[in-house]
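Report on the following structure.
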Protein chains: 2
Amino acid sequence: MASTVARSSTSTLADQVFKTLQAAIIEGALKPGEKLKEPELSARYGVSRGPLRDAIRRLEARKLVVSAPNSGARVVSLTRQQLLELYEMREALEGMICRLAASAISDEELASLGQLLDQHEAAIEDSAGRDYFRQEGDLDFHFRLARASGNTLLADILCQDHYPLLRMYRYQFSASPGRPERALYEHRRILEALAERDGDLAEMLMRKHIRNARRNAAERTKDEAPIGAMKG
Amino acid sequence: MASTVARSSTSTLADQVFKTLQAAIIEGALKPGEKLKEPELSARYGVSRGPLRDAIRRLEARKLVVSAPNSGARVVSLTRQQLLELYEMREALEGMICRLAASAISDEELASLGQLLDQHEAAIEDSAGRDYFRQEGDLDFHFRLARASGNTLLADILCQDHYPLLRMYRYQFSASPGRPERALYEHRRILEALAERDGDLAEMLMRKHIRNARRNAAERTKDEAPIGAMKG
DNA sequence: AACCACCAGATTGTTGACAATTTTTCCGAT
DNA sequence: ATCGGAAAAATTGTCAACAATCTGGTGGTT
């Protein structure tokens, strides 16, 4: 352990610590509710507290960390309610992204997305324990749609500010049986609407897709109130 | 000048500098594209560079500042294109907020919002140079709707992360002739839909309202490419 | 005159020490 | 035994100095 981060000239130390910590949080090495102690972390990564605090502030911007004055930072721990709210936000933003993408997406990107879905289909039939790949692949589809919408502000908000949070919670739940197949089908329908340049339909289908995902998440978290580890 | 910030026990120095800088940016004391020089600012506010850098990172999270490694931070300067993208984002998020608010808002808050719109009507008839109040008042309506939606994540994203950016650009443009009256009318229609608990209609009306505001902004910025001051 | 290398000044990135606050521990009182 | 409070430890907030990087200008070369 103690993977001391070396300073590379193209990037800043704070930036590297940020990326390292973000990965640790998403992959669950740092658990929801866990306290981020500055002395411990700065020792672990071989960095002084300055860049470390900088990194923590950036994690806060991506909502992976919440911090209170004089009491430090903790890995975010969404309640069930907040997790469902996240889906409502996605429904709004990604619906709009689909509407815009219907006009803005290029024929090349449409074809490329079709290939991506073919890969997903193969991965699903292959199944076994490839669960991880399928989940990341699903996000890939949404990610690339955001980029194709032509609205860089929307794309940034989703891809940089909020998808990391979603990925973090995806790591904790494996897919429901039958959900990947269903999602793939819905993705294909969305892509069809985009190919027909039908913005109304594309938005409608994406919103329905995300409502389905939300319902799925609601089912899978029916009992537990706080999703991850307890805080404090 | 040199409004030295004193440390209060309830809040941190970085927090106070953040608030001061945010206000300075929104009100135009720091202009779009202007460089934030750490030595100068830390001297001006009587704070060392540590808390100052902290404050700058928080401004970055609210998209009021953009910074590149080794080259410092600048006040954000949206292009016309990016300003219009901001409206597309608002259309998505605030549409969803209206849909949710139709179910979640209380009768008391509905009545209170009605009074707010009465005040706006009075302010408009009063007119004269009260332009500033009307603009902030308009945001008040949207702000309170966000809180009333019951989705705290959506409300936070709008009120904390993105409204400051919008307020900054509002300071630069006074309202178009006739636009406040039109906006008030649209607000009343939205409130009616909420009172009828009609989520579909409320969303539709809000989206149309923001599309109108977007068109208005597009008209008023037809010539100039970068909105504020040039950068560098 | 235009272009490149180099040097000086300014600015950002990083560090370790110090101050203030919070949390924990331990002790005594009820 | 439990509760409250004071001392001690740990953690966060702040600072000033040092190192690395960028910026702008100077001078020399072709």
Side-chain angles (χ1 to χ4, degrees), chain A residues 2-22 25 30-31 33-61 64-77 229-232, chain B residues 2-22 25 30-31 33-61 64-76 230-232:
Chain A
S3 52
T4 298
V5 203
R7 161 93 191 244
S8 130
S9 57
T10 55
S11 170
T12 177
L13 254 184
D15 200 37
Q16 296 177 268
V17 174
F18 160 69
K19 284 173 185 161
T20 305
L21 281 177
Q22 170 166 263
I25 291 174
L30 291 170
K31 293 190 177 48
E34 187 170 345
K35 185 127 193 269
L36 297 182
K37 294 181 205 171
E38 295 177 7
E40 178 186 328
L41 290 177
S42 77
R44 164 139 39 134
Y45 295 117
V47 179
S48 76
R49 281 175 56 222
L52 181 70
R53 286 168 70 86
D54 194 315
I56 289 180
R57 278 286 123 69
R58 298 195 214 181
L59 292 169
E60 211 179 342
L64 292 172
V65 149
V66 284
S67 61
N70 289 323
S71 118
R74 291 177 178 281
V75 178
V76 70
S77 175
M230 305 292 113
K231 64 161 61 176
Chain B
S3 53
T4 297
V5 202
R7 162 91 191 244
S8 132
S9 57
T10 55
S11 170
T12 176
L13 253 184
D15 200 37
Q16 296 176 268
V17 173
F18 160 70
K19 285 173 185 161
T20 304
L21 281 177
Q22 171 167 262
I25 291 175
L30 291 170
K31 293 190 178 46
E34 187 171 345
K35 185 127 195 269
L36 298 182
K37 294 182 206 170
E38 295 177 6
E40 178 185 329
L41 289 177
S42 77
R44 163 138 41 133
Y45 297 118
V47 179
S48 79
R49 282 176 56 222
L52 180 71
R53 285 170 70 87
D54 194 316
I56 289 179
R57 277 285 123 71
R58 298 195 214 180
L59 291 169
E60 210 179 344
L64 291 172
V65 150
V66 286
S67 61
N70 287 323
S71 117
R74 290 179 179 280
V75 178
V76 70
M230 306 291 112
K231 62 161 59 175

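The sequence lines fix the lettering, A, B, ..., with proteins before strands; numbering per chain opens at 1.
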Let me know the distance between [atom1] of [X] and [atom2] of [N], rounded to the nearest Å.
X     : N      : atom1 : atom2 : value
B/L52 : C/dT11 : CG    : C1'   : 13 Å
A/D15 : D/dT21 : CG    : P     : 15 Å
B/Q16 : D/dT14 : CD    : C1'   : 13 Å
B/F18 : D/dG13 : CZ    : C1'   : 18 Å

Give me the distances for all protein-to-nucleotides 9-12 of chain D N/O pairs that come in under 3.5 Å?
| from | atom 1 | to | atom 2 | distance (Å) |
| --- | --- | --- | --- | --- |
| D/dT12 | OP1 | A/L36 | O | 3.4 |
| D/dT12 | OP2 | A/E38 | N | 3.1 |

side-chain hydrogen bond (donor to acceptor under 3.5 Å, both in side chains) involving A/E38 - partner list, sequence neighbours excluded: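 Residues passing side-chain hydrogen bond (donor to acceptor under 3.5 Å, both in side chains) with A/E38: A/R49, A/R53.
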Those residues that, when tested against B/E60, pass salt bridge (Lys or Arg N to Asp or Glu O under 4.0 Å) (two or more places apart):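 Checked B/E60 against salt bridge (Lys or Arg N to Asp or Glu O under 4.0 Å); matches are B/R57.
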Test salt bridge (Lys or Arg N to Asp or Glu O under 4.0 Å) applied to B/R58 - qualifying residues, sequence neighbours left out: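 Residues passing salt bridge (Lys or Arg N to Asp or Glu O under 4.0 Å) with B/R58: B/D15, B/D54.
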B/A61: partners by side-chain contact (heavy atoms from CB on, under 4.5 Å), with sequence neighbours left out: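 For B/A61, the residues satisfying side-chain contact (heavy atoms from CB on, under 4.5 Å) (neighbours in sequence not counted) are A/A61.
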Heavy-atom closest contact (B/V75 atom, B/V65 atom, distance):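 Heavy atoms only, the tightest pair is CA-CG2, 4.3 Å.
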Distance-minimising heavy-atom pair for B/A55 and B/A14: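 Looking at all heavy atoms of both residues, the closest pair is CB-O, 3.7 Å.
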